[in-house]
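Each remark here refers to the structure printed beneath this line.
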Amino acid sequence: MMSSKKAQNAASSVSAAKAGVVGVWQREVGAISNRSFAHRMAASEVELVLRLEILRKLKKHTGCVNTVSFNPSGDILVSGSDDRNVLLWDWEMGRLKLSFHSGHSNNIFQAKIMPYSDDRTIVTCAADGQVRLAQIPERGNVETLLLGSHQGRAHKLAIEPGSPYIFYTCGEDGLVQHFDIRTKFATRLFACHSIHDSRGYMPYVYLNAITIDPRNPNIFAVAGGDEYTRLYDIRKYKWDGTSDIDQPVDLFCPVHLINDEAVGITGLAFSEQSELLVSYNDENIYLFSKDMGIGPSHPPSSPLSREAYESRSDDSPQTSSSAMDADDKPGPQVYKGHRNRATVKGVNFFGPKSEYVMSGSDCGRIFIWKKKGGELIRIMEGDRNVVNCIEPHPHTPMLVSSGIEHDVKIWTPKAKERARLPSTIEEWKPKRRSWMFRVPSPQEMLLQFLPMQSPGLSPEDDRESHISGRDFLEMILAFNRQHDDSSDDGDTSNPEDFFS
(Lines give C-alpha, C1' and ligand atoms only; values in the text may rest on other atoms or scores of the structure.)
Protein backbone atom coordinates (compact mmCIF):
# COMPACT_ATOMS: atom_id res chain seq x y z
CA MET A 1 0.00 0.00 0.00
CA MET A 2 2.81 2.40 0.95
CA SER A 3 4.77 1.58 -2.18
CA SER A 4 1.68 2.32 -4.26
CA LYS A 5 1.32 5.77 -2.68
CA LYS A 6 5.01 6.48 -3.23
CA ALA A 7 4.63 5.49 -6.86
CA GLN A 8 1.67 7.84 -7.23
CA ASN A 9 3.63 10.70 -5.65
CA ALA A 10 6.61 10.00 -7.90
CA ALA A 11 4.39 9.93 -10.98
CA SER A 12 2.79 13.22 -9.95
CA SER A 13 6.22 14.83 -9.49
CA VAL A 14 7.40 13.58 -12.87
CA SER A 15 4.23 14.89 -14.50
CA ALA A 16 4.72 18.31 -12.89
CA ALA A 17 8.36 18.38 -13.99
CA LYS A 18 7.39 17.53 -17.58
CA ALA A 19 4.79 20.29 -17.56
CA GLY A 20 7.45 22.73 -16.37
CA VAL A 21 9.89 21.70 -19.11
CA VAL A 22 7.17 22.05 -21.77
CA GLY A 23 6.31 25.49 -20.41
CA VAL A 24 9.94 26.62 -20.61
CA TRP A 25 10.19 25.38 -24.21
CA GLN A 26 6.94 27.17 -25.16
CA ARG A 27 8.23 30.40 -23.69
CA GLU A 28 11.58 30.10 -25.48
CA VAL A 29 9.99 29.58 -28.90
CA GLY A 30 7.48 32.38 -28.33
CA ALA A 31 4.41 30.15 -28.02
CA ILE A 32 3.45 31.83 -24.76
CA SER A 33 4.32 35.23 -23.28
CA ASN A 34 6.62 35.70 -20.31
CA ARG A 35 3.66 36.83 -18.24
CA SER A 36 1.59 33.77 -19.16
CA PHE A 37 4.61 31.58 -18.42
CA ALA A 38 4.96 33.12 -14.95
CA HIS A 39 1.26 32.59 -14.27
CA ARG A 40 1.39 29.02 -15.52
CA MET A 41 4.46 28.14 -13.46
CA ALA A 42 3.06 29.82 -10.35
CA ALA A 43 0.05 27.81 -10.98
CA SER A 44 0.98 24.36 -11.27
CA GLU A 45 -0.49 25.94 -8.21
CA VAL A 46 -1.92 22.89 -6.59
CA GLU A 47 1.50 21.24 -6.74
CA LEU A 48 3.16 24.32 -5.26
CA VAL A 49 0.53 24.82 -2.57
CA LEU A 50 0.92 21.20 -1.51
CA ARG A 51 4.69 21.65 -1.21
CA LEU A 52 4.68 24.79 0.93
CA GLU A 53 6.79 24.48 4.05
CA ILE A 54 8.64 26.83 6.40
CA LEU A 55 11.84 28.17 4.86
CA ARG A 56 12.85 30.13 7.95
CA LYS A 57 11.57 32.03 10.94
CA LEU A 58 12.40 35.70 11.44
CA LYS A 59 12.98 36.28 15.16
CA LYS A 60 13.57 39.78 16.48
CA HIS A 61 10.22 40.90 17.86
CA THR A 62 9.47 40.58 21.58
CA GLY A 63 5.68 40.51 21.27
CA CYS A 64 2.89 39.10 19.13
CA VAL A 65 3.39 39.99 15.45
CA ASN A 66 0.14 41.63 14.28
CA THR A 67 1.06 42.76 10.77
CA VAL A 68 3.24 41.58 7.89
CA SER A 69 3.38 43.02 4.38
CA PHE A 70 5.71 43.30 1.38
CA ASN A 71 6.93 46.32 -0.50
CA PRO A 72 5.67 46.44 -4.13
CA SER A 73 8.77 44.72 -5.53
CA GLY A 74 8.57 41.98 -2.92
CA ASP A 75 12.19 42.07 -1.73
CA ILE A 76 11.48 43.78 1.60
CA LEU A 77 9.10 42.54 4.29
CA VAL A 78 7.81 44.88 7.00
CA SER A 79 6.42 43.62 10.32
CA GLY A 80 4.88 45.27 13.38
CA SER A 81 4.26 43.92 16.85
CA ASP A 82 2.97 44.36 20.37
CA ASP A 83 6.50 45.53 21.15
CA ARG A 84 5.61 48.71 19.15
CA ASN A 85 8.63 48.28 16.88
CA VAL A 86 8.59 48.25 13.08
CA LEU A 87 11.09 45.87 11.45
CA LEU A 88 12.22 45.75 7.82
CA TRP A 89 13.59 42.43 6.59
CA ASP A 90 15.55 41.02 3.71
CA TRP A 91 13.40 37.91 3.93
CA GLU A 92 15.36 35.90 1.35
CA MET A 93 18.54 36.13 3.41
CA GLY A 94 16.73 36.17 6.76
CA ARG A 95 18.50 39.44 7.63
CA LEU A 96 17.10 42.37 9.59
CA LYS A 97 17.68 45.56 7.58
CA LEU A 98 16.22 48.12 9.96
CA SER A 99 14.36 48.37 13.27
CA PHE A 100 12.78 51.48 14.76
CA HIS A 101 10.22 52.42 17.38
CA SER A 102 6.92 53.36 15.77
CA GLY A 103 6.05 56.16 18.19
CA HIS A 104 2.85 54.33 19.16
CA SER A 105 2.02 53.84 22.83
CA ASN A 106 0.27 50.51 22.26
CA ASN A 107 0.28 47.45 19.99
CA ILE A 108 0.89 48.06 16.27
CA PHE A 109 -1.96 46.59 14.21
CA GLN A 110 -0.84 47.48 10.68
CA ALA A 111 2.33 48.73 8.97
CA LYS A 112 2.71 49.24 5.22
CA ILE A 113 5.35 50.64 2.86
CA MET A 114 3.98 53.30 0.52
CA PRO A 115 4.59 52.50 -3.17
CA TYR A 116 7.00 54.58 -5.26
CA SER A 117 8.66 55.94 -2.13
CA ASP A 118 12.00 54.14 -2.53
CA ASP A 119 10.79 52.03 0.42
CA ARG A 120 11.41 54.98 2.75
CA THR A 121 7.83 55.91 3.67
CA ILE A 122 5.90 53.70 6.09
CA VAL A 123 2.43 54.28 7.56
CA THR A 124 1.14 52.59 10.71
CA CYS A 125 -1.98 52.36 12.85
CA ALA A 126 -2.33 50.84 16.30
CA ALA A 127 -4.30 50.05 19.42
CA ASP A 128 -3.69 53.59 20.70
CA GLY A 129 -5.88 54.83 17.81
CA GLN A 130 -3.03 56.81 16.28
CA VAL A 131 -2.11 56.90 12.60
CA ARG A 132 1.58 57.64 12.13
CA LEU A 133 4.04 58.34 9.33
CA ALA A 134 7.67 57.20 9.35
CA GLN A 135 10.22 58.62 6.93
CA ILE A 136 13.49 56.68 6.68
CA PRO A 137 16.43 59.07 6.18
CA GLU A 138 19.71 58.34 4.43
CA ARG A 139 21.45 58.65 7.79
CA GLY A 140 20.37 59.00 11.38
CA ASN A 141 17.39 57.77 13.36
CA VAL A 142 13.90 57.26 12.00
CA GLU A 143 11.44 59.83 13.28
CA THR A 144 7.69 59.38 13.17
CA LEU A 145 4.90 61.92 12.85
CA LEU A 146 1.32 61.77 14.10
CA LEU A 147 -1.03 62.23 11.13
CA GLY A 148 -4.36 61.65 12.88
CA SER A 149 -6.16 59.45 15.35
CA HIS A 150 -9.27 57.45 16.15
CA GLN A 151 -11.18 57.33 19.42
CA GLY A 152 -10.40 53.70 20.19
CA ARG A 153 -8.31 51.14 18.36
CA ALA A 154 -7.42 51.50 14.67
CA HIS A 155 -7.07 48.01 13.21
CA LYS A 156 -6.48 48.53 9.51
CA LEU A 157 -5.33 50.91 6.81
CA ALA A 158 -5.57 50.61 3.03
CA ILE A 159 -3.26 52.24 0.50
CA GLU A 160 -4.75 53.53 -2.74
CA PRO A 161 -3.30 51.23 -5.43
CA GLY A 162 -0.29 52.80 -7.10
CA SER A 163 -0.38 55.99 -5.04
CA PRO A 164 2.68 57.12 -3.06
CA TYR A 165 0.55 59.55 -1.03
CA ILE A 166 -3.05 58.39 -0.43
CA PHE A 167 -4.35 55.90 2.12
CA TYR A 168 -7.43 55.29 4.29
CA THR A 169 -7.94 54.09 7.86
CA CYS A 170 -10.86 52.79 9.91
CA GLY A 171 -11.31 52.42 13.65
CA GLU A 172 -13.51 51.16 16.43
CA ASP A 173 -15.06 54.63 16.63
CA GLY A 174 -16.75 53.83 13.29
CA LEU A 175 -14.78 56.56 11.57
CA VAL A 176 -13.28 56.28 8.07
CA GLN A 177 -10.46 58.73 7.37
CA HIS A 178 -8.62 59.77 4.21
CA PHE A 179 -4.94 60.72 4.37
CA ASP A 180 -2.69 62.52 1.92
CA ILE A 181 0.84 62.50 3.32
CA ARG A 182 1.66 65.62 1.32
CA THR A 183 -0.70 67.64 3.53
CA LYS A 184 0.01 65.60 6.68
CA PHE A 185 -3.46 65.76 8.17
CA ALA A 186 -6.59 63.62 8.19
CA THR A 187 -9.83 64.21 6.33
CA ARG A 188 -12.70 62.57 8.19
CA LEU A 189 -14.96 61.11 5.52
CA PHE A 190 -17.82 59.71 7.60
CA ALA A 191 -18.81 57.69 10.64
CA CYS A 192 -20.32 54.30 9.89
CA HIS A 193 -23.84 54.06 11.33
CA SER A 194 -25.98 51.00 11.96
CA ILE A 195 -28.38 50.16 9.14
CA HIS A 196 -31.01 48.94 11.59
CA ASP A 197 -33.04 51.52 13.48
CA SER A 198 -33.53 48.92 16.23
CA ARG A 199 -29.82 49.08 17.03
CA GLY A 200 -29.83 52.68 18.10
CA TYR A 201 -28.07 51.71 21.33
CA MET A 202 -24.81 51.75 19.31
CA PRO A 203 -24.73 54.93 17.22
CA TYR A 204 -21.63 53.83 15.33
CA VAL A 205 -20.49 50.48 14.00
CA TYR A 206 -17.07 49.33 15.18
CA LEU A 207 -14.84 48.91 12.12
CA ASN A 208 -12.14 46.23 11.86
CA ALA A 209 -11.31 46.11 8.16
CA ILE A 210 -10.96 48.29 5.08
CA THR A 211 -9.87 47.34 1.55
CA ILE A 212 -9.70 49.03 -1.86
CA ASP A 213 -10.67 47.49 -5.20
CA PRO A 214 -7.39 47.11 -7.18
CA ARG A 215 -9.24 47.46 -10.49
CA ASN A 216 -11.12 50.59 -9.44
CA PRO A 217 -9.37 52.59 -6.70
CA ASN A 218 -12.45 54.78 -6.29
CA ILE A 219 -14.25 51.87 -4.63
CA PHE A 220 -13.50 50.76 -1.07
CA ALA A 221 -15.20 48.48 1.44
CA VAL A 222 -15.39 48.55 5.24
CA ALA A 223 -16.74 46.08 7.79
CA GLY A 224 -16.71 45.35 11.49
CA GLY A 225 -19.18 45.05 14.32
CA ASP A 226 -22.26 43.93 12.38
CA GLU A 227 -23.16 41.55 9.55
CA TYR A 228 -22.74 43.90 6.58
CA THR A 229 -19.83 44.79 4.35
CA ARG A 230 -20.41 48.31 3.05
CA LEU A 231 -19.15 49.45 -0.34
CA TYR A 232 -18.40 53.16 -0.91
CA ASP A 233 -17.36 55.35 -3.84
CA ILE A 234 -14.92 58.15 -2.94
CA ARG A 235 -16.21 60.13 -5.94
CA LYS A 236 -19.35 60.86 -3.93
CA TYR A 237 -17.32 62.88 -1.45
CA LYS A 238 -17.40 66.67 -1.77
CA TRP A 239 -14.47 68.30 -0.07
CA ASP A 240 -16.67 71.07 1.33
CA GLY A 241 -18.28 68.48 3.60
CA THR A 242 -21.74 68.53 1.98
CA SER A 243 -21.58 65.08 0.35
CA ASP A 244 -23.58 61.92 1.05
CA ILE A 245 -20.44 59.76 1.14
CA ASP A 246 -21.74 58.15 4.35
CA GLN A 247 -24.39 56.35 2.28
CA PRO A 248 -22.96 53.08 0.88
CA VAL A 249 -23.41 52.30 -2.79
CA ASP A 250 -23.99 48.63 -1.96
CA LEU A 251 -24.18 46.14 0.89
CA PHE A 252 -22.99 42.53 1.01
CA CYS A 253 -24.18 39.85 3.41
CA PRO A 254 -25.06 36.16 3.15
CA VAL A 255 -28.83 36.02 3.18
CA HIS A 256 -29.00 33.80 6.27
CA LEU A 257 -27.01 36.35 8.31
CA ILE A 258 -29.22 39.37 7.59
CA ASN A 259 -30.52 40.73 10.91
CA ASP A 260 -28.15 38.45 12.86
CA GLU A 261 -26.78 40.54 15.73
CA ALA A 262 -24.44 37.77 16.92
CA VAL A 263 -21.91 38.02 14.10
CA GLY A 264 -19.30 40.50 12.97
CA ILE A 265 -16.56 40.74 10.38
CA THR A 266 -12.81 40.66 11.03
CA GLY A 267 -11.24 40.58 7.55
CA LEU A 268 -11.78 41.81 3.98
CA ALA A 269 -9.88 41.41 0.71
CA PHE A 270 -10.48 42.21 -2.94
CA SER A 271 -9.27 39.81 -5.63
CA GLU A 272 -7.68 40.90 -8.90
CA GLN A 273 -11.12 40.27 -10.43
CA SER A 274 -12.84 42.66 -7.94
CA GLU A 275 -14.41 39.79 -6.00
CA LEU A 276 -14.93 40.57 -2.33
CA LEU A 277 -13.76 38.13 0.35
CA VAL A 278 -15.35 38.49 3.80
CA SER A 279 -14.32 36.65 6.97
CA TYR A 280 -16.93 36.47 9.73
CA ASN A 281 -16.30 35.99 13.41
CA ASP A 282 -17.79 32.74 14.75
CA GLU A 283 -18.90 31.92 11.22
CA ASN A 284 -17.43 31.18 7.79
CA ILE A 285 -15.64 33.01 4.97
CA TYR A 286 -17.67 34.15 1.95
CA LEU A 287 -16.74 35.25 -1.56
CA PHE A 288 -19.02 37.75 -3.32
CA SER A 289 -18.99 38.81 -6.95
CA LYS A 290 -19.98 42.39 -7.74
CA ASP A 291 -23.54 41.41 -8.68
CA MET A 292 -24.25 39.76 -5.31
CA GLY A 293 -24.90 42.99 -3.41
CA ILE A 294 -28.24 43.39 -1.67
CA GLY A 295 -28.49 47.11 -2.43
CA PRO A 296 -27.66 50.24 -0.44
CA SER A 297 -30.94 50.48 1.48
CA HIS A 298 -32.23 48.66 4.55
CA PRO A 299 -32.35 44.96 3.64
CA PRO A 300 -35.42 42.82 4.27
CA SER A 301 -35.52 40.16 6.93
CA SER A 302 -33.71 37.00 6.03
CA PRO A 303 -36.00 34.70 4.00
CA LEU A 304 -33.72 31.74 4.67
CA SER A 305 -33.14 30.15 8.04
CA ARG A 306 -29.66 29.32 9.24
CA GLU A 307 -30.52 25.61 9.42
CA ALA A 308 -31.76 25.58 5.83
CA TYR A 309 -28.68 27.43 4.65
CA GLU A 310 -26.20 25.12 6.39
CA SER A 311 -28.02 22.01 5.17
CA ARG A 312 -27.10 22.79 1.56
CA SER A 313 -24.25 21.08 -0.24
CA ASP A 314 -20.78 22.44 0.46
CA ASP A 315 -19.54 21.28 -2.93
CA SER A 316 -21.10 24.05 -4.99
CA PRO A 317 -21.80 27.79 -4.57
CA GLN A 318 -24.76 28.48 -2.31
CA THR A 319 -28.03 29.76 -3.72
CA SER A 320 -30.79 31.70 -2.03
CA SER A 321 -34.43 32.39 -2.82
CA SER A 322 -36.72 35.22 -1.86
CA ALA A 323 -40.45 35.68 -1.98
CA MET A 324 -39.78 39.00 -3.65
CA ASP A 325 -37.70 37.43 -6.41
CA ALA A 326 -38.93 34.31 -8.14
CA ASP A 327 -35.62 33.70 -9.88
CA ASP A 328 -32.89 31.91 -7.96
CA LYS A 329 -29.77 34.02 -7.64
CA PRO A 330 -26.33 32.55 -6.99
CA GLY A 331 -25.13 33.15 -3.45
CA PRO A 332 -21.57 33.63 -2.24
CA GLN A 333 -19.04 30.81 -2.25
CA VAL A 334 -18.44 29.58 1.28
CA TYR A 335 -15.17 28.38 2.87
CA LYS A 336 -15.36 26.28 6.02
CA GLY A 337 -13.16 24.46 8.52
CA HIS A 338 -11.17 27.16 10.33
CA ARG A 339 -11.98 28.92 13.61
CA ASN A 340 -12.24 32.69 13.84
CA ARG A 341 -13.32 33.56 17.32
CA ALA A 342 -10.50 34.78 19.55
CA THR A 343 -8.84 37.58 17.55
CA VAL A 344 -9.29 40.00 14.66
CA LYS A 345 -8.02 37.82 11.81
CA GLY A 346 -7.32 38.82 8.26
CA VAL A 347 -8.20 36.86 5.14
CA ASN A 348 -6.43 36.82 1.79
CA PHE A 349 -6.04 35.42 -1.71
CA PHE A 350 -3.12 33.39 -3.03
CA GLY A 351 -1.92 32.72 -6.56
CA PRO A 352 -1.19 34.94 -9.58
CA LYS A 353 -4.88 35.16 -10.44
CA SER A 354 -6.24 34.84 -6.90
CA GLU A 355 -6.91 31.11 -7.41
CA TYR A 356 -6.88 30.32 -3.69
CA VAL A 357 -8.32 31.64 -0.44
CA MET A 358 -6.35 31.47 2.81
CA SER A 359 -6.95 32.24 6.46
CA GLY A 360 -5.43 31.74 9.87
CA SER A 361 -7.27 30.00 12.65
CA ASP A 362 -7.64 29.88 16.43
CA CYS A 363 -6.23 26.33 16.31
CA GLY A 364 -2.85 27.69 15.17
CA ARG A 365 -3.19 26.42 11.59
CA ILE A 366 -3.27 28.01 8.14
CA PHE A 367 -6.15 26.91 5.91
CA ILE A 368 -6.02 27.11 2.10
CA TRP A 369 -9.04 26.48 -0.14
CA LYS A 370 -9.55 26.48 -3.89
CA LYS A 371 -11.39 29.69 -4.64
CA LYS A 372 -13.63 28.00 -7.16
CA GLY A 373 -15.76 25.41 -5.39
CA GLY A 374 -14.42 26.01 -1.89
CA GLU A 375 -12.47 22.74 -1.61
CA LEU A 376 -10.09 22.68 1.35
CA ILE A 377 -6.73 21.47 0.01
CA ARG A 378 -4.15 22.41 2.63
CA ILE A 379 -3.80 22.77 6.39
CA MET A 380 -0.44 23.92 7.80
CA GLU A 381 0.76 24.29 11.39
CA GLY A 382 1.55 28.00 11.68
CA ASP A 383 1.58 28.91 15.40
CA ARG A 384 1.37 27.23 18.78
CA ASN A 385 -1.64 29.43 19.55
CA VAL A 386 -3.37 31.52 16.86
CA VAL A 387 -2.49 32.54 13.29
CA ASN A 388 -3.76 36.05 12.61
CA CYS A 389 -1.94 37.26 9.48
CA ILE A 390 -1.21 35.62 6.14
CA GLU A 391 0.29 37.68 3.34
CA PRO A 392 1.12 36.46 -0.19
CA HIS A 393 4.21 37.62 -2.04
CA PRO A 394 3.24 40.06 -4.83
CA HIS A 395 5.02 38.08 -7.57
CA THR A 396 6.20 34.61 -6.52
CA PRO A 397 4.41 31.57 -5.02
CA MET A 398 5.39 32.08 -1.39
CA LEU A 399 3.73 33.60 1.67
CA VAL A 400 4.42 34.81 5.19
CA SER A 401 2.41 34.29 8.36
CA SER A 402 2.37 35.57 11.92
CA GLY A 403 0.32 35.28 15.08
CA ILE A 404 0.65 35.03 18.84
CA GLU A 405 4.22 33.76 18.68
CA HIS A 406 6.92 36.40 18.37
CA ASP A 407 8.27 35.38 14.97
CA VAL A 408 7.43 35.72 11.28
CA LYS A 409 7.31 32.50 9.25
CA ILE A 410 8.41 32.36 5.61
CA TRP A 411 6.67 29.65 3.54
CA THR A 412 8.08 28.49 0.18
CA PRO A 413 7.19 25.47 -2.04
CA LYS A 414 10.37 23.51 -1.32
CA ALA A 415 9.01 20.36 0.34
CA LYS A 416 10.22 17.12 -1.27
CA GLU A 417 6.83 15.45 -0.88
CA ARG A 418 3.30 16.71 -1.44
CA ALA A 419 1.36 17.33 1.74
CA ARG A 420 -1.89 15.49 2.39
CA LEU A 421 -4.87 16.61 4.39
CA PRO A 422 -5.26 14.91 7.77
CA SER A 423 -7.24 11.68 7.46
CA THR A 424 -9.86 13.09 9.82
CA ILE A 425 -10.72 16.76 9.97
CA GLU A 426 -13.13 17.60 12.74
CA GLU A 427 -15.68 19.89 11.16
CA TRP A 428 -16.23 22.92 13.30
CA LYS A 429 -19.76 24.25 13.53
CA PRO A 430 -19.78 27.72 15.10
CA LYS A 431 -21.69 28.13 18.32
CA ARG A 432 -24.15 30.97 18.38
CA ARG A 433 -22.73 33.56 20.68
CA SER A 434 -22.32 37.30 20.83
CA TRP A 435 -19.95 39.29 18.64
CA MET A 436 -16.32 38.65 19.50
CA PHE A 437 -15.62 41.93 21.24
CA ARG A 438 -16.40 42.19 24.93
CA VAL A 439 -19.47 44.21 25.87
CA PRO A 440 -18.26 47.84 25.92
CA SER A 441 -17.91 49.39 29.35
CA PRO A 442 -19.93 52.50 30.19
CA GLN A 443 -16.76 54.54 29.68
CA GLU A 444 -16.27 53.09 26.20
CA MET A 445 -19.92 53.59 25.39
CA LEU A 446 -19.46 57.27 26.22
CA LEU A 447 -16.89 57.49 23.46
CA GLN A 448 -19.69 56.72 21.05
CA PHE A 449 -21.58 59.78 22.26
CA LEU A 450 -18.71 62.24 22.29
CA PRO A 451 -19.17 64.70 19.41
CA MET A 452 -17.42 63.73 16.18
CA GLN A 453 -15.08 66.42 14.85
CA SER A 454 -15.68 67.96 11.45
CA PRO A 455 -13.66 66.84 8.41
CA GLY A 456 -10.23 68.28 7.86
CA LEU A 457 -9.05 68.82 11.45
CA SER A 458 -5.31 69.15 11.78
CA PRO A 459 -3.43 66.65 13.99
CA GLU A 460 -2.89 69.42 16.56
CA ASP A 461 -6.62 70.13 16.82
CA ASP A 462 -7.31 66.43 16.88
CA ARG A 463 -4.89 65.89 19.77
CA GLU A 464 -6.54 68.68 21.76
CA SER A 465 -9.95 67.11 21.15
CA HIS A 466 -8.63 63.69 22.15
CA ILE A 467 -7.14 65.10 25.35
CA SER A 468 -10.35 66.92 26.29
CA GLY A 469 -12.33 63.72 25.76
CA ARG A 470 -9.80 61.83 27.83
CA ASP A 471 -10.04 64.37 30.68
CA PHE A 472 -13.81 63.96 30.58
CA LEU A 473 -13.55 60.18 30.89
CA GLU A 474 -10.96 60.40 33.65
CA MET A 475 -13.34 62.57 35.62
CA ILE A 476 -16.05 59.91 35.22
CA LEU A 477 -13.63 57.15 36.19
CA ALA A 478 -12.58 59.08 39.29
CA PHE A 479 -16.24 59.33 40.26
CA ASN A 480 -16.67 55.59 39.68
CA ARG A 481 -13.62 54.77 41.82
CA GLN A 482 -14.98 56.86 44.70
CA HIS A 483 -18.24 54.97 44.38
CA ASP A 484 -16.55 51.55 44.13
CA ASP A 485 -14.34 52.22 47.18
CA SER A 486 -17.42 51.74 49.36
CA SER A 487 -18.06 48.29 47.86
CA ASP A 488 -16.26 44.96 48.22
CA ASP A 489 -15.48 44.64 44.53
CA GLY A 490 -12.16 46.46 44.65
CA ASP A 491 -12.30 47.80 41.10
CA THR A 492 -8.80 48.52 39.80
CA SER A 493 -9.71 50.06 36.45
CA ASN A 494 -6.98 52.22 34.95
CA PRO A 495 -8.10 55.05 32.68
CA GLU A 496 -5.19 54.22 30.41
CA ASP A 497 -6.98 50.95 29.57
CA PHE A 498 -9.62 52.84 27.65
CA PHE A 499 -7.10 54.53 25.40
CA SER A 500 -4.98 51.49 24.56
Side-chain angles (χ1 to χ4, degrees), residues 109-110 112 123-133 146-161 163 165-181 183-195 202-213 216-252 264-270 276 278 293 296 344 346 437 447-448 450-459 461-462 465-466:
F109 284 157
Q110 188 126 63
K112 285 183 176 290
V123 289
T124 60
C125 61
D128 59 7
Q130 295 183 0
V131 181
R132 303 190 71 89
L133 169 70
L146 176 65
L147 295 180
S149 64
H150 290 267
Q151 297 279 1
R153 293 175 287 189
H155 285 282
K156 288 291 185 289
L157 58 85
I159 296 173
E160 182 178 291
S163 172
Y165 307 115
I166 306 298
F167 69 98
Y168 299 74
T169 64
C170 66
E172 290 184 1
D173 54 3
L175 192 64
V176 176
Q177 301 191 77
H178 175 281
F179 291 84
D180 185 332
I181 62 176
T183 62
K184 293 184 172 56
F185 69 87
T187 297
R188 298 168 183 250
L189 297 180
F190 60 88
C192 190
H193 296 270
S194 175
I195 291 170
M202 286 297 287
Y204 306 108
V205 176
Y206 282 53
L207 294 179
N208 297 320
I210 183 168
T211 186
I212 300 175
D213 186 344
N216 184 356
N218 294 308
I219 302 298
F220 64 94
V222 299
D226 66 10
E227 66 269 38
Y228 302 107
T229 297
R230 295 160 171 83
L231 204 67
Y232 295 91
D233 189 334
I234 188 61
R235 290 169 296 190
K236 293 180 66 178
Y237 185 76
K238 296 178 182 177
W239 300 98
D240 61 2
T242 62
S243 66
D244 59 348
I245 182 67
D246 61 329
Q247 299 301 314
V249 297
D250 211 347
L251 301 172
F252 293 86
I265 296 167
T266 67
L268 294 175
F270 271 113
L276 185 60
V278 183
V344 178
F437 289 123
L447 285 175
Q448 299 277 352
L450 291 176
M452 303 296 291
Q453 291 81 8
S454 60
L457 285 182
S458 68
D461 294 336
D462 187 49
S465 173
H466 185 76

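Given the structure is predicted, the values throughout are model-derived calculations rather than measurements. When reading the values below, keep in mind they use all heavy atoms of this one structure, side chains included, and skip hydrogens, waters and symmetry mates.
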Taking every non-hydrogen atom, the tightest pair across [X] and [Y]:
| X | Y | value |
| --- | --- | --- |
| G148 | A186 | CA-CB, 4.5 Å |
| P248 | P296 | O-CB, 3.1 Å |
| V205 | G225 | CG1-N, 3.7 Å |
| P217 | P161 | CB-CD, 3.9 Å |

Distance from [X] atom [atom1] to [Y] atom [atom2], nearest 0.5 Å?
| X | Y | atom1 | atom2 | result |
| --- | --- | --- | --- | --- |
| E172 | R153 | CD | CZ | 4.0 Å |
| L175 | L189 | CG | CG | 8.0 Å |
| I219 | R235 | CD1 | CZ | 5.5 Å |
| Y168 | T187 | OH | OG1 | 10.0 Å |
| N208 | I265 | CG | CD1 | 9.0 Å |
| I181 | F167 | CD1 | CZ | 7.5 Å |

Requested in this report: Would you please test I166 and H178 for side chain to side chain contact (heavy atoms under 4.5 Å, CB included) and show each step?
Outcome: CA-CA 7 Å; I166 306 298; H178 175 281; 3.4 Å; yes

Query raised in the report: Relative to the ring of F220, is the ring of F190 parallel (under 30°), tilted (30 to 60°) or perpendicular (over 60°)?
Result: parallel

Query raised in the report: Is any side-chain heavy atom of L147 closer than 4.5 Å to a side-chain heavy atom of K184?
Result: yes

Query raised in the report: Do T211 and L276 touch side chain to side chain, with heavy atoms closer than 4.5 Å?
Result: yes

**Report entry** Contacts of type side chain to side chain contact (heavy atoms under 4.5 Å, CB included), residue D250, not counting sequence neighbours
**Finding:** L231, F252

Query raised in the report: Distance-only, no hydrogens or angles: does the Q110 side chain make a donor-acceptor pair with backbone N or O of A158 under 3.5 Å?
Result: no

Query raised in the report: Does the side chain to side chain contact (heavy atoms under 4.5 Å, CB included) test come out yes or no for V131 and H150, once each step is laid out?
Result: CA-CA 8 Å; V131 181; H150 290 267; 4.2 Å; yes

Query - Check against side chain to side chain contact (heavy atoms under 4.5 Å, CB included), C192 and Y232 - result: CA-CA 11 Å; C192 190; Y232 295 91; 4.0 Å; yes

Requested in this report: Determine, stepwise, if the pair D226 / R230 fulfils salt bridge (charged side-chain N to carboxylate O under 4.0 Å, His left out).
Outcome: CA-CA 10 Å; D226 66 10; R230 295 160 171 83; 2.7 Å; yes

Report task. I would like to know whether V249 and K236 meet side chain to side chain contact (heavy atoms under 4.5 Å, CB included); could you show each step before the answer? Result -> CA-CA 10 Å; V249 297; K236 293 180 66 178; 3.8 Å; yes

